[in-house]
Amino acid sequence: MAIRSSDEYRKGLSDNRRVFYRGAQVPDVTTHPELALAIDHSAICFDIAADRPDLAVTEVDGEAVSTFYVAPATADDLVRRGTLIEEVSRRGGGTIVLKEVGSDALFALLRATEGEGLDNARAFYQRVCRDDLALAVAQTDVKGNRTLGPSEQADPDLYLHIVDEDDESVTVRGAKTHTSFSANADELIVLPTRAMGPNDADYAVSFAIPIDTPGLELYVSPYAAGERNSFEFPLSTQHKLLESLTVFDNVRVPKDRVFLNRRPELAGPLALAFVDYHRFTAINYKLPLLDLIVGAATLIAEANGISKAGHVKSKLTELITWSETVRGLAELAAIRSRSGEHCVQQPDPLAVNMAKYHFAHGFHNATAILTDLSGGLLATGPGGEDWDNPQIRAVLEKYYAAAVPAEQRLRLLHFIADLTARDYGGYQSVLATHAEGSLEAEKLQIARSFDATRAVEYVSALAGIADR
């Protein structure tokens with residue numbers, strides 16, 4: 001089967017999946033107006049194969065394969081992957097689209113599983129490449145009392161776990177949360193969320209299943225729901241992601257689809273392998289968002305007539321420094337990459353986590369600078385209905401003109417408000433703090449990845465304590 005078109009992708013989503021949105025079950029995700037917007041957003045990763053095959057399509061053993069799914073074997077492969085992720089995010093308004101996350105999980109499975117699980121992972125990988133499947137990833141358990149481990153919870157279902165097993169299958173129960181794209185993917189990859197001990201064996205499970213598997217239910221977040229107009233919401237009327245509480249109600253999983261079956265010693269390595277690729281994806285898909293913030297700040301300073309002020313130049317320089325530092329670290333993560341288990345290239349963990357941490361640590365300051373340069377009209381300006389009324393528009397054109405005409409200024413202000421001050425802006429703020437790992441998780445990986453030997457030996461030699 002060749003690489004699918006976006007129309008073929010959409011048709012594949014009309015099945016028996018059980019999706020709940022805003023208090024009701026959705027009969028068909030492709031015909032629901034709000035969910036269809038998210039599907040259109042995700043279709044970007046299929047459309048790019050048609051107009052940028054040089055970037056998005058790779059020939060493997062004589063067959064065309066989505067470049068998203070080509071397991072990296074060299075640093076150049078990671079550079080190309082980063083470029084592809086950045087390009088689809090640019091088309092997606094600075095937001096991830098779909099195939100990035102699923103392929104992150106595939107590469108982790110190819111690197112960190114063993115024996116029969118690895119054989120199953122390789123077979124699944126081949127089918128994903130052949131059929132050009134869209135994958136979602138369910139990793140984060142709901143966790144319950146976070147001072148307790150999986151097997152210590154009062155309710156065992158607060159971490160996904162195996163409840164039954166026979167010769168042909170395992171049966172699982174529990175729930176995962178923050179599952180992006182689950183309602184508009186073809187299949188779901190399940191990964192462990194953390195390292196586990198011997199008592200957690202039932203929770204050490206990984207597998208893949210179709211989204212319409214019996215017993216699987218998706219409760220999609222209503223965040224950023226409702227109708228909106230393109231004048232006030234130029235970004236969020238075009239782009240939407242679906243996140244779900246993903247419930248497994250005694251879901252039967254065939255054993256040829258199981259990658260980890262009661263192997264707690266492999267749960268942590270598999271979870272961390274996913275983190276390597278997922279944060280590499282994160283820092284590359286964030287690059288267009290950095291450009292949005294720097295570009296919007298530059299344009300609104302010019303529109304407001306303040307671009308030559310010294311304090312404004314200082315703030316713009318601060319944004320540029322933040323943005324280009326993240327970009328440089330993203331590039332370094334590929335340059336410093338090394339061959340991982342089973343010859344799957346691993347992004348440099350230190351550079352990856354430094355890039356992600358630097359982005360997240362500076363995001364709220366960056367949006368504060370953008371808000372400062374924009375002014376109070378982000379919250380108090382006129383709306384789309386006002387602009388559509390010719391009599392009111394004449395008033396707005398007179399009183400909201402500045403260094404540029406009123407329409408240019410107001411459209412730019414609404415763009416910035418959508419990005420920073422409204423629900424989509426709130427969504428981006430939460431993503432910056434928590435998506436692909438929290439600030440504390442990134443700091444932990446930085447500490448784990450940094451080898452202090454060079455620095456310690458240097459100081460020891462100069463201080464005369466080389467024999468410490």
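Side chains included, hydrogens not; waters and symmetry mates left out as well; all remaining heavy atoms used. For clarity, every value in this text was computed on a predicted model and none was experimentally measured.
- To the nearest 0.5 Å, the span separating OG on S244 from CG on L188 amounts to 8.0 Å.
- Checked against ring pair (Phe, Tyr, Trp, His ring centres under 6.0 Å), Y21 has the following partners two or more places apart in sequence or in another chain: H32.
- At least one side-chain heavy atom of L292 sits less than 4.5 Å from a side-chain heavy atom of F415.
- Between F107 and Y277, the ring planes lie perpendicular to each other; the angle is over 60°, past the 30° to 60° tilted range.
- Using a 4.5 Å cut-off on side-chain heavy atoms (C-beta onward), E34 and E227 make no contact.
- In this structure, OG1 in T30 is found 3.5 Å from CG in D28, a value given to the nearest 0.5 Å.
- In this structure, S337 contributes its side chain and A333 its backbone to no donor-acceptor pair below 3.5 Å.
- A side-chain donor-acceptor contact under 3.5 Å links E152 to the backbone of G149.
- Applying the 6.0 Å contact sphere to NE2 of H358 captures more than 12 heavy atoms from other residues, nucleotides or ligands.
- Atom CG of L191 and atom CZ of F207 lie 10.0 Å apart (nearest 0.5 Å).
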Walk me through it: do V57 and R52 pass the test side-chain contact (heavy atoms from CB on, under 4.5 Å)?
CA-CA 8 Å; V57 180; R52 284 294 309 274; over 6 Å; no
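- In this structure, H278 and F274 have parallel ring planes: the angle between them is below the 30° cut-off, well short of the 60° mark.
- A salt bridge links E341 to R111: at least one charged side-chain nitrogen sits closer than 4.0 Å to a carboxylate oxygen.
- For the pair S6/D47, a side-chain contact is recorded, criterion being any heavy-atom separation below 4.5 Å from C-beta on.
- Taking both residues in full, the closest heavy atoms of T179 and V137 are given as CG2-O, 3.4 Å, listed atom of the first, atom of the second, then distance.
- To the nearest 0.5 angstrom, E440 atom CD is 11.5 Å from T433 atom OG1.
- A side-chain donor-acceptor contact under 3.5 Å links S42 to the backbone of V97.
- We find the CZ-CD1 distance between F363 and I293 to be 5.0 Å, quoted to the nearest 0.5 Å.
- Counting all heavy atoms, side chain and backbone alike, S339 lies closest to C343 at OG-CA, 3.7 Å.
- Salt bridge annotation for K255-D167: absent, with no cationic side-chain nitrogen under 4.0 angstrom from a carboxylate oxygen.
- Within a 6.0 Å radius of CD in E116, no more than 12 heavy atoms belonging to other residues, nucleotides or ligands are found.
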Checking side-chain contact (heavy atoms from CB on, under 4.5 Å) for the pair F248/I209: CA distance, chi angles, key distance, verdict?
CA-CA 11 Å; F248 301 78; I209 52 173; 4.1 Å; yes
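- Put simply, the side chain of L260 does not reach to within 4.5 Å of the side chain of T113, judged on heavy atoms.
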For side chain to side chain donor-acceptor pair (under 3.5 Å), just list the numbers for T193 and T140, CA-CA rounded to whole Å, side-chain angles, deciding distance to a tenth of an Å, and then say yes or no.
CA-CA 5 Å; T193 194; T140 305; 4.6 Å; no
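- Under a 4.0 Å N-O distance rule, the pair D186/R4 qualifies as a salt bridge.
- Rounding to the nearest 0.5 angstrom, the gap separating the CD1 atom in I85 from the SG atom in C45 is 11.5 Å.
- Remark: the backbone N or O of P254 is not paired with any side-chain donor or acceptor of S169 at under 3.5 angstrom.
- Contact annotation: the side chain of L289 approaches that of F359 to within less than 4.5 Å [non-hydrogen atoms, C-beta and beyond].
- Panel note: side chain S438, backbone H434; no donor-acceptor pair is recorded below 3.5 Å.
- Contact annotation: the side chain of R91 approaches that of E87 to within less than 4.5 Å [non-hydrogen atoms, C-beta and beyond].
- Using a distance-only test at 3.5 Å, with no hydrogens or angles considered, a donor-acceptor pair links the side chain of N120 to the main chain of V258.
- With respect to D164 and R252, no salt bridge is recorded, no charged nitrogen being found less than 4.0 Å from a carboxylate O.
- Checked by atom type, the side-chain pair E86/N284 shows no donor-acceptor distance below 3.5 Å.
- Other residues, nucleotides and ligands contribute more than 12 heavy atoms inside 6.0 Å of the CD atom of Q25.
- No side-chain heavy atom of H161 sits less than 4.5 Å from a side-chain heavy atom of P150.
- The backbone N or O of A334 lies less than 3.5 Å from no partner atom in the side chain of R336, so there is not a single donor-acceptor pair.
- Looking only at distances, a side-chain donor or acceptor of T420 sits under 3.5 Å from a matching main-chain atom of I416.
- Checked by atom type and distance alone, the side chain of H342 never pairs as donor or acceptor with a backbone atom of A112 at under 3.5 Å.
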Determine whether Q153 and Y203 satisfy the following criterion, side chain to side chain donor-acceptor pair (under 3.5 Å), listing intermediate values before the conclusion.
CA-CA 12 Å; Q153 298 290 329; Y203 297 85; over 6 Å; no
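- For K176 and Y159, the positive end is not near the middle of the six-membered ring at less than 6.0 Å and at most 45° from its axis.
- Side-chain atoms of Y427 and T95 form no donor-acceptor pair, as typed in the model, at a separation below 3.5 Å.
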For F124 and R257: C-alpha separation, side-chain torsions, deciding distance, then whether side-chain contact (heavy atoms from CB on, under 4.5 Å) applies.
CA-CA 7 Å; F124 180 70; R257 285 176 158 271; 4.0 Å; yes
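- Side-chain N or O atoms of R17 include none that pairs as donor or acceptor with a backbone N or O of I211 at under 3.5 Å.
- Between the side chains of E243 and S180, at least one donor N or O sits under 3.5 Å from an acceptor N or O.
- The pair D76-R81 fails the salt-bridge criterion, with no side-chain N (NZ, NE, NH1 or NH2) lying under 4.0 Å from an Asp/Glu carboxylate O.
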May I have the step-by-step check of side-chain contact (heavy atoms from CB on, under 4.5 Å) for S5 and F46, ending in yes or no?
CA-CA 6 Å; S5 68; F46 290 93; over 6 Å; no
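- No salt bridge links E63 with R130; every basic N to acidic carboxylate O contact stays at or beyond 4.0 Å.
- Between D202 and S151 there is no side-chain heavy-atom pair separated by less than 4.5 Å.
- Comment: E442 engages K356 in a salt bridge, judged by a side-chain N to carboxylate O separation of less than 4.0 angstrom.
- For the pair R228 and F233, the cation-pi criterion (under 6.0 Å, within 45° of the ring axis) is fulfilled.
- Under the 4.0 Å criterion applied to side-chain N and carboxylate O atoms, E8 and R10 are not assigned as salt-bridge partners.
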